[in-house]
Colleague: 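I have a structure here, written as structure tokens, and I will follow up with some questions on it.
Basis for what follows: all heavy atoms, side chains included, without hydrogens, waters or symmetry-related copies. Chain A is the first sequence line, chain B the second, and so forth, proteins listed ahead of strands; every chain is numbered from 1. Everything quoted here is computed from the prediction, not taken from an experiment.
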Amino acid sequence: MLTSVLLLADSRLPSGGHGHSGGVEALVERGLLADVNDLTCFLNGRVRTAGLVVGAFAAVAALSRQEWPRWDWERWDAALDVRTTSSALREVSRAQGSALRRTVRLAWPDDPGLRGLDDIDQPHHPLVLGAAVAAAGGGHEQAAALAVHHLVGGAAAAAVRLLGLDPLRVTAAQAGLAPLADDVTAQAASIAARAVADDDSDLLPADTTPMPEIMAELHAAEEVTLFAS
Amino acid sequence: MIARTTLWAEAGGRIRWRATPPLVPRRTGPDEVHLVGAAGGPLGGDELTLEIQLAADAQLTIRSAAATIVQPGDGSAGPARLTVRAQLAAGARLHWCPQPTVVCDEAELHTSLRLELAEGASALVHERIILGRHGERGGRYRGELRIDHAGAALLRHTSVLDGVDPGLSGPAGTAGHRSLTTLCGVGGEPRPTGCSPNGERNGLRWATHQLAGPGWLRLALGGTCGTRGTRR
Amino acid sequence: MHRDDLGAEPRGTALAVAGRRDRRNLRIGIGGPVGGGKTALVAALCAQLRDELSVVVVTNDIYTEEDAEFLRRHAVLPDDRIRAVRTGCCPHTAIRDDITANLAAVEELITAHDPDLVLVESGGDNLTATFSYGLVDVQIFVVDVAGGDKVPRKGGPGVSRSDLLVINKTDLAPLVGADLAVMRADAERVRAGRPTVFTSLREAPQVPDVVRWVRAQLATWRPVQAM
């Protein structure tokens, strides 16, 4: 089980993540994120808001296994849609979800949860990730942890590439954020468990901050960018 | 302080209310009321609730007479809470347009604006949060915007602001801006004209989001303080 | 061309796994270092083949839409036959390690146009770049003589193992002191019988040798399809 779950934690996992900066490129372009300290602040804010949301949705998807086959993917997918204000970010999440689904469907071809996701044209990334964790034998807390892990890892890798940051110091910053990420993960997992038990998606978090949402639209409209988001 | 005010509006301009200070309405037009603050602004621990019922084809604009200043309570009282719940029947239109809310240093405000629109109803929401008075960095704010349209969820959006916390006042949050304007139209409410949907100018940054349903949301950050955002 | 079927895949992605025998579209990857002439070669192939074949292009230029713009500006293909993929500063990752964004772009074009030929142009990279055969069926590696006549000798997966090596800008050889004979001998040695062609897109923009090779690939691809 652990080995399978670790496959999903690997940044080399083919899911299109390397083409996305998690909002970092737009901030770098404007001089709003320029060094490791800025990156640390950025990741701190993102983990507590977007991290809580994607973590909770990944955990929900991992819990689908208990509820199968009366699980309704479309309902939870729509619940993430109404929490993703920016249409650019909805597209990004769906593109990465489709990319990840392509990879994990080959890896776990017979998994009913993943097969159920085929009914959604382009499922949101956290749902695919959570379903994949379940297919790999992992639990909902691990799903939440991986969602937060990729949110942090994608942004950190992009910052290293765009700014030439010292990757050792960036790794140290990530290590420093780990206790916060663990707290958020635990919180996301417990909220998700309640939402699934009560069958109520309105219990799921919708925490957000204005800058990433505004920047997402400005970035999508830019002529020249290195990252798709 | 715990206070609850309920407003009813019907087609043809009939408006009634049952009010508890500080949420006291005054009629200021055929389809318009102003909330006049009958006490100082909310303090930590206050719980204010405004219920709004719009019958079929009712029109109502709600404004406030002055900015709301949120001050810290005695520290142990918890955040000030303001909950607004509106139900709109078919053909009804609500314009929610209060004066800005200022969240002072050390203060904490949680707001919840929940709109339930029947098919054919529409709503325009216009709110502005300012972090701190002049010279302040501002307190904490948590603003839930929750909209259902024709029985389906349309928007679940909880803005988290903090004038001091580096994670939330930095690049992932407000990037040093001190005000957030939220403009949201649902159910055929036209988008504002007169400036481009997205942009950056004169210390403002804004974007207009097409929601995953019949509505749009414009977020605008302004009032930069400090040096952030000047490098480019 | 014999590659194993990768097995089961999700609904709607049946077209996207290389080596599938139920796919009629031949995918050619075009890679190579910055400035070698990849985009010019893609433009030349489109111009030469578009009247007889349905052609689409996915471009991965590091600066997003720039290569796509070049192709549009030269009007070699209608806009809707070109897709640009952003690679996040890692052009080789997008064609080798994580091909999913390119697969999605290829699939969109196949769904929209059912082309005979899909050209996937990598962003300019270095001699170590190579396409995954999960993304393309065959690949062309483009270098130029201006990089020095030692390039074939250095090898690297693109130079030694690509299905066709194109050594471009032969018109510049006398100016940069490159010995084409040395390049040819080195290429033959490292490529173990795989073909190499010398081109000058400036002097012979029809690139007849490359077009001939592409036609031969299509000819061997199609009988497999008919089986």
Colleague: Based on non-hydrogen pairs under 4.5 Å, which of B:Asp165, B:Leu145, B:Ile147 is most in contact with chain A?
Modeller: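 Of B:Asp165, B:Leu145, B:Ile147, B:Asp165 has the most heavy-atom pairs under 4.5 Å with chain A.
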
Colleague: With a 4.0 Å cut-off, would you call A:Arg48 and B:Asp162 a salt bridge?
Modeller: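 Salt bridge absent between A:Arg48 and B:Asp162.
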
Colleague: Side-chain donor-acceptor contacts of residues 77-93 of chain B below 3.5 Å, not counting sequence neighbours, with atom names and distances?
Modeller:
{"residue": "B:Arg85", "atom": "NE", "partner": "B:Glu51", "partner atom": "OE2", "Å": "3.3"}
{"residue": "B:Arg85", "atom": "NH2", "partner": "B:Glu51", "partner atom": "OE2", "Å": "2.8"}
{"residue": "B:Gln87", "atom": "OE1", "partner": "B:Gln53", "partner atom": "NE2", "Å": "3.2"}
{"residue": "B:Gln87", "atom": "NE2", "partner": "B:Glu116", "partner atom": "OE1", "Å": "3.3"}
{"residue": "B:Arg93", "atom": "NE", "partner": "B:Glu189", "partner atom": "OE1", "Å": "2.9"}
{"residue": "B:Arg93", "atom": "NH2", "partner": "B:Glu189", "partner atom": "OE2", "Å": "2.9"}

Colleague: Which atoms of B:Arg146 are under 4.5 Å from chain A, going by heavy atoms: the side chain, the backbone, both sets, or neither?
Modeller: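 It is the side chain, since no backbone atom gets that close.
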
Colleague: Quick one: what part of B:Leu154 sits under 4.5 Å from any heavy atom of chain A, side chain, backbone, both or neither?
Modeller: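 The backbone, not the side chain.
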
Colleague: Looking at chain A, which one of B:Ala172, B:Ala207, B:Gly199 has the largest number of heavy-atom pairs inside 4.5 Å, strictly under?
Modeller: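 Heavy-atom pair counts peak at B:Ala172.
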
Colleague: Which atom names give the shortest non-hydrogen contact between A:Asp38 and B:Pro171, and what distance separates them?
Modeller: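 For A:Asp38 versus B:Pro171, the nearest heavy atoms are O-CG, 3.8 Å.
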
Colleague: For A:Ser86, is it the side chain, the backbone, both, or neither that has a heavy atom closer than 4.5 Å to a heavy atom of chain B?
Modeller: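 Both backbone and side chain of A:Ser86 come within 4.5 Å of chain B.
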
Colleague: Side chain, backbone, both or neither: which part of B:Leu219 has a non-hydrogen atom closer than 4.5 Å to chain A?
Modeller: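 The answer is both parts of B:Leu219.
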
Colleague: Evaluate the side-chain proximity of A:Arg83 to B:Thr158: yes if any heavy-atom separation is below 4.5 Å, no if none is.
Modeller: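 The answer is no; the side chains never approach within 4.5 Å.
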
Colleague: Taking side chain as C-beta onward, heavy atoms only, is B:Leu161 less than 4.5 Å from A:Thr209?
Modeller: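 Of all side-chain heavy-atom pairs linking A:Thr209 with B:Leu161, none is under 4.5 Å.
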
Colleague: Output the distance between atom CG (A:Leu218) and atom CD (B:Glu200), rounded to the nearest 0.5 Å.
Modeller: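 It is 5.0 Å, given to the nearest 0.5 Å.
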
Colleague: Against chain A, label B:Leu180 side chain, backbone, both or neither, depending on which of its atoms sit under 4.5 Å from a heavy atom there.
Modeller: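 When you check distances to chain A, only side chain atoms of B:Leu180 fall under 4.5 Å.
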
Colleague: Without placing hydrogens or testing angles, list every side-chain donor-acceptor pair under 3.5 Å for residues 95-106 of chain B, not counting sequence neighbours.
Modeller:
{"residue": "B:Trp96", "atom": "NE1", "partner": "B:Glu127", "partner atom": "OE2", "Å": "2.9"}
{"residue": "B:Asp105", "atom": "OD1", "partner": "B:Arg137", "partner atom": "N", "Å": "3.1"}
{"residue": "B:Asp105", "atom": "OD1", "partner": "B:Gly138", "partner atom": "N", "Å": "2.6"}

Colleague: Give a yes or no answer on whether the side chain of A:Ser87 reaches the backbone of B:Gln210 with a donor-acceptor pair at less than 3.5 Å.
Modeller: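 Not a single qualifying donor-acceptor pair exists.
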
